[in-house]
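For reference, the structure discussed in these notes is given below.
Just so it is clear, the model here is predicted, and its values are computed rather than measured. Start at 1 and go down the list; that is how both ligands and their atoms are numbered.
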Amino acid sequence: MTPAALVRSLLLALPAMLVAGACVLLDAPAGATALVVGLAAFAPTLNSLTRTERRRTAAAERSREFAQVLIDAIPDPTYVKQQGGRYVMVNEAFARYHGMSKADVLAGQLVGRAEDTANRALSLEEDERILAGAELRKEEHTQRHHTGEEVFRIISKRRGVYLDGKPVVVGIDHHITEWRVAERGHKQALEREVQLRLRTEQFVQDLIDLLPDAIYIKDAQSRLVMVNATAVRLRGMSREELIGLNAMDLAPRAGVGETSLLEDQQVLRGEEIVKEEQSVLPVTGEECFRVVFKRRCFDVDGQPVVVSIQHYITEWRQAERELNRLAQEDALTGIANRRCFSAEAQRAMDTAERHGGALTLLLVDVDHFKRVNDQHGHNVGDEVLVELARRLRAVLRKSDLGGRWGGEEFIALLHGGPQAALEFAERLRGIVADTPFPTATGPLRVTLSGGCAEYRPGDSLSSLVGRADEALYLAKSEGRNRVRAERPAMPG
Ligand SMILES: Nc1nc2c(ncn2[C@@H]2O[C@H](COP(=O)(O)OP(=O)(O)OP(=O)(O)O)[C@@H](O)[C@H]2O)c(=O)[nH]1
């Protein structure tokens, strides 16, 4: 109530009170007379006061209406509360939010709602602080009482002075539910993306860990970003130690890192590299062979990476090498077999044909070898052949070829003419005849016979061997344990 309204009420009430008092003291007709007289005396003054007051009341009402229009224009729930928590003005957004009419809120129905009781004490406490001059701004995450709907809002409260001049709490609940929900949606989407990325990376890691080849994945600066279990095992370093290293750090020797870096640049430009390498295993230092495939791929971020797959073929290459060795060596003695000797002898003869140079073929045969087998057994015969091959190899020069021609026959292709070959053959004969062969049944005396034939342009290996064989037959027929040269060619 405004002060003017209060004065007006008092003035109006005063005569009536006087009359009423008089009526108590006097009898009724006298009281009525007194009331009429009193009213008549006050009438002009009352009229003037009532007009002024009516104008003021109308102005105050317009102010209130204007204030209401203003706060209704605010899209967030807005309210004005008196001390004690009674709402004296609320806007449409406020009423709508609470699901009741403005009139019901102002009539106190919101305050009386059961579900509000819990917050009421806190709210009143806040209001007291606001009325004492404090300001409040806080974010709240609650549920809307009548719908259960999730709500995020920033609550602002500050002290104001109401139209009647009394301090009030003015509050605006700024609703940010959509932002917060969208923000949470973004966070969840981001989290899902992070999870998906982690799972994808883990899947790729699991997949490459299954492969027996070593796999290295490098970024555009040739730094390792992923390695598989095989690479970790072969390098003898942990995954963590390997990640971040570049080609130079991993290079086993000078020059290798630079080549690898250049290749990576080629690959990043889109080229593919497939090559075979002979290297050493980083951990054991063993010789290894591998086929290296390098190709550009794109990682989960779309960035280009170099994928290097190292397929180890060491066992194959070793088996191949072994097969070659077996194909060339005589299985018993380890010396070149007939096929290998023939191929190399043919090459040497071709060279002699083109560039000249003397070559002499020597064929040697163990004397009475059948007797060795018969008297001491086949194994001892084998021991003799192995020892003979060893002695032959020991006297051969590097440039000469030696091999097993078959059975107990050995062959050599020597650089030089027949005289030199005879000297060589004689030396070999002596080495064999003078030193008994150690065997399982004890030392054994062995002799051999030999025949030499000099290479002539146009000779085939078989023609050359044929002439040497004739000389060998001569040596045998002359009593064995000797070497003979072919008969000189007939002039003409
Ligand atoms: N232990 C063994 N014996 C072999 C091998 N190859 C061939 N022989 C034997 O060598 C013997 C060759 O005998 P012969 O051709 O009659 O010649 P030889 O007894 O040496 O007599 P001459 O050559 O005339 O001095 C045979 O008994 C073959 O079985 C082999 O790899 N190991």
Side-chain angles (χ1 to χ4, degrees), residues 322-346 360-396 400-414 418 421-454 460-487:
E322 182 63 7
L323 279 175
N324 278 337
R325 191 183 64 76
L326 291 175
Q328 291 177 353
E329 281 181 9
D330 171 55
L332 177 66
T333 62
I335 201 167
N337 62 19
R338 183 174 184 145
R339 191 175 51 186
C340 175
F341 176 85
S342 300
E344 290 185 16
Q346 189 59 57
T360 304
L361 189 112
L362 168 66
L363 199 59
V364 296
D365 183 288
V366 182
D367 296 330
H368 300 302
F369 188 58
K370 189 170 180 307
R371 285 190 209 155
V372 175
N373 276 337
D374 293 347
Q375 289 171 10
H376 303 285
H378 204 267
N379 285 347
V380 170
D382 281 355
E383 285 182 276
V384 169
L385 294 178
V386 171
E387 178 62 13
L388 176 57
R390 194 189 66 74
R391 293 185 190 188
L392 171 62
R393 260 197 310 241
V395 289
L396 278 172
D400 298 332
L401 301 174
R404 185 178 177 194
W405 194 242
E408 82 291 17
E409 271 186 331
F410 288 82
I411 193 165
L413 187 64
L414 311 163
L422 275 175
E423 285 167 17
F424 172 84
E426 188 54 39
R427 196 159 70 249
L428 177 64
R429 189 204 60 75
I431 287 171
V432 170
D434 298 347
T435 312
F437 280 44
T439 70
T441 56
L444 207 66
R445 289 211 164 269
V446 176
T447 61
L448 58 76
S449 303
C452 298
E454 188 184 10
S460 67
L461 183 61
S462 69
S463 64
L464 185 57
V465 171
R467 293 203 307 278
D469 199 30
E470 282 172 18
L472 171 62
Y473 180 76
L474 193 63
K476 289 270 183 188
S477 60
E478 286 181 7
R480 296 183 173 81
N481 192 19
R482 67 201 63 213
V483 289
R484 289 287 176 262
E486 64 181 317
R487 288 197 193 89

Using the side-chain hydrogen bond (donor to acceptor under 3.5 Å, both in side chains) definition, which of the options Arg371, His376, Lys370 pairs with Asp374?
Lys370
Which residue and non-hydrogen atom of the protein lie closest to [atom], and at what distance in Å?
atom	value
atom 25 (O) of ligand 1	His368 N, 2.8 Å
atom 24 (O) of ligand 1	Arg480 NH2, 3.0 Å
atom 2 (C) of ligand 1	His378 NE2, 3.3 Å
atom 22 (P) of ligand 1	Lys476 NZ, 3.5 Å
atom 19 (O) of ligand 1	Lys370 N, 2.8 Å

Ignoring hydrogens and geometry, is there a side-chain-to-backbone donor-acceptor pair from Ser449 to Asn481 under 3.5 Å?
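Checked: pair present.
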For [X], atoms of ligand 1 separated by under 4.0 Å from a heavy atom:
X	value
Gly407	6 (N), 7 (C)
Val366	20 (O), 23 (O), 25 (O)
Asp382	1 (N), 2 (C), 30 (C), 31 (O), 32 (N)
Gly381	1 (N)

Could you tell me if Arg404 and Asn337 have a donor-acceptor pair between their side chains, going purely by distance under 3.5 Å?
no
Regarding ligand 1, does [X] bring an N or O atom to under 3.5 Å of one of the ligand's N or O atoms?
X	answer
Phe369	yes
Asp367	no
Asn373	yes

Are any of the side-chain nitrogens in [X] or [Y] under 4.0 Å away from the carboxylate oxygens of its partner?
X	Y	value
Asp330	Arg338	no
Arg391	Glu387	yes
Glu470	Arg467	no

Identify which one of Asp469, Leu461, Leu414 satisfies the side chain to side chain contact (heavy atoms under 4.5 Å, CB included) criterion when paired with Leu361.
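When Asp469, Leu461, Leu414 are each tested with Leu361, the side chain to side chain contact (heavy atoms under 4.5 Å, CB included) holds only for Leu461.
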Which residue from Glu409, Arg404, Glu408 reaches closest to atom 5 (C) of ligand 1 through any of its heavy atoms?
Arg404
Applying a heavy-atom cut-off of 4.0 Å, say which part of Val372 lies close to ligand 1: side chain, backbone, both or neither.
neither
Give, for atom CZ of Arg482 and atom CD of Glu426, the distance between the pair rounded to the nearest 0.5 Å.
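It comes to 10.0 Å.
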So, do Leu385 and Phe369 sit near enough that their side-chain heavy atoms are less than 4.5 Å apart?
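A side-chain contact exists here, since the closest heavy-atom pair is under 4.5 Å.
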